[in-house]
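Structure first, then comments.
Just so you know, ligand 1 is whichever comes first in the structure, and atom 1 is the first atom listed for that ligand. None of these values were measured; they are calculated from a predicted model.
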Amino acid sequence: MTRIAFIGLGNMGGGMAANLAKAGHDVRAFDLSADALDRAKAAGCLPAVSAAEAADGAEAIVTMLPAGTHVEAVYADLFAANVAPSTLLLDCSTIDVATAKRVAAAAHAKGLTAVDAPVSGGIGAANAGTLTFMVGGSAEAFERARVILAAMGKAVIHAGANGTGQAAKIANNMLLGATMVATCEAFLLAEKLGLDPQTFYDISSVASGQSWSMTSYCPVPGVGPDTPADHDYRGGFATALMLKDLKLAAAAAGDTGADTPMGAKAAELYQRFADDGQSGLDFSAIIRMLRG
Ligand code: NAD
């Protein structure tokens, strides 16, 4: 059993903290939201009144926060609270590579160990403990992190040095955003050409157009497995979060000089969809905008 502080108990963090408690860890939880804290308490975590109180005496501190600014603010509180030098910091939020590297360097300067460990899988996987973690940090830090992350996921992969977990996440989600738009377009074109969506799915899901967006997250209601499309595009992975990740990818492409025209087009389309007031809907709902 490890004493773990968990900070950020939202859609993702709530289920992740619950799975750590279920695995027998001593979880001290903190969130700015009282409702989120109540849910964590019901799931077996001990609520704290601040990040610093949750971190007091912890061997590991997991953060699952909206963006880089939140991670920097919480880390500043932790550094001011003088957490023990051997403490392992695991940031599972999706944030920009530069901030991930900066907070890790600041943690190392304090004698702490830090990894970036963003996730793929969404709320269902967070609740079920079947996330995929992509981890940036030293080999020693990865070995320590793996034991904790394994209680929340089905795959824990070492990407390389600090920041590479975020690099993998951002590149992966740029691919996801672009393939979702392309999958929606393909269904709409097939429909205009007179094909039944189920027939097109049956063919394309075993042909070269196959992708995760098609077979695991089909954007057309009533076709393929149960997805947010079958629930009026509620739940799932919000358009606002996909847009955030596409913007992180665009910024990273700008910083590195990578040419990513498909990623840029996906960002433009998701921006238009969000501007139309649809940022709370699952990202596969973009098929509605493309339908016109
Ligand atoms: P969320 O908004 O539901 O949860 C974030 C939580 O952080 C909230 O409960 C909020 O109150 C809390 N918080 C904010 N600032 C805080 C602070 N200073 N101290 C303590 N708590 C604070 O977001 P989410 O959907 O759980 O996503 C979290 C992260 O995971 C994001 O970076 C997101 O991009 C990433 N992610 C989300 C999904 C998804 O499907 N939702 C999938 C993969 C990755």
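Distance CZ/F6 to CE/M16: 4.5 Å, rounded to 0.5 Å. Between atom CG of residue L248 and atom NZ of residue K244 there is a gap of 6.5 Å, rounded to the nearest 0.5 Å. Put simply, CD1 on I157 and CG on L149 are 11.5 Å apart, with the number rounded to the nearest 0.5 Å. If you take CD1 on I148 and CG on L90, they are separated by 5.5 Å, rounding to the nearest 0.5 Å.
Among D232, D276, D282, the one residue that satisfies the salt bridge (Lys or Arg N to Asp or Glu O under 4.0 Å) test with R288 is D232.
Contact annotation: for K169 versus ligand 1, heavy atoms closer than 4.0 Å belong to the side chain alone. Contact annotation: for L241 versus ligand 1, heavy atoms closer than 4.0 Å belong to the side chain alone.
Close approach of ligand 1 to I7 (heavy-atom distance below 4.0 Å) involves ligand atoms 20 (C). Per-residue contacts place K244 under 4.0 angstrom from the following atoms of ligand 1 (heavy atoms of the residue considered): 31 (C), 32 (O), 33 (C), 34 (O). Residue T94 approaches ligand 1 through these ligand atoms, each under 4.0 Å from one of its heavy atoms: 32 (O), 34 (O), 35 (C), 44 (C). Taking every heavy atom of F30 and a limit of under 4.0 angstrom, the matching atoms of ligand 1 come to 19 (N), 20 (C). Against a heavy-atom cut-off of under 4.0 Å, V74 is close to the following atoms of ligand 1: 17 (C), 18 (N), 19 (N). For ligand 1 and H70, the ligand atoms under 4.0 Å from any heavy atom of the residue are 15 (N). Close approach of ligand 1 to G8 (heavy-atom distance below 4.0 Å) involves ligand atoms 7 (O).
F283 and F237 have perpendicular rings, their planes meeting at more than 60° on a 0 to 90° scale where under 30° would count as parallel.
With contacts defined as side-chain heavy-atom distances shorter than 4.5 Å, the pair I287/V220 qualifies. Using a 4.5 Å heavy-atom cutoff, the side chains of Q278 and Y233 are not in contact.
A donor-acceptor distance shorter than 3.5 angstrom exists from the side chain of N162 to the backbone of A114, with no hydrogens or angles considered. Judged purely by atom type and a 3.5 angstrom limit, R146 has no side-chain atom pairing as donor or acceptor with the backbone of H158.
Scanning all protein heavy atoms for the shortest distance to atom 30 (O) of ligand 1 gives M64 CE, 3.1 Å. Of the protein's non-hydrogen atoms, N11 N, 2.9 Å is the one closest to atom 3 (O) of ligand 1. Counting only heavy atoms of the protein, atom 2 (O) of ligand 1 lies nearest to P66 CG, 4.4 Å. Annotation: atom 21 (N) of ligand 1 to nearest protein heavy atom, L32 N, 3.5 Å. The closest protein non-hydrogen atom to atom 27 (O) of ligand 1 is M12 CG, 3.9 Å. Nearest to atom 31 (C) of ligand 1 among the protein's heavy atoms is L65 O, 3.3 Å. Ranking protein heavy atoms by distance to atom 12 (C) of ligand 1, first place goes to D31 OD2, 3.3 Å. The protein heavy-atom contact nearest to atom 4 (O) of ligand 1 is G10 CA, 3.3 Å.
Atom 23 (O) of ligand 1 lies below 4.0 Å from none of the non-hydrogen atoms of the protein.
Using a 4.0 angstrom heavy-atom cutoff, A51 does not count as in contact with ligand 1.
Using a cut-off of 4.0 Å between Lys/Arg side-chain N and Asp/Glu carboxylate O, D26 and R28 are scored as salt-bridged.
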Residue pair T215, Q210: steps toward the side-chain hydrogen bond (donor to acceptor under 3.5 Å, both in side chains) verdict: CA-CA 7 Å; T215 47; Q210 187 275 339; 3.0 Å; yes

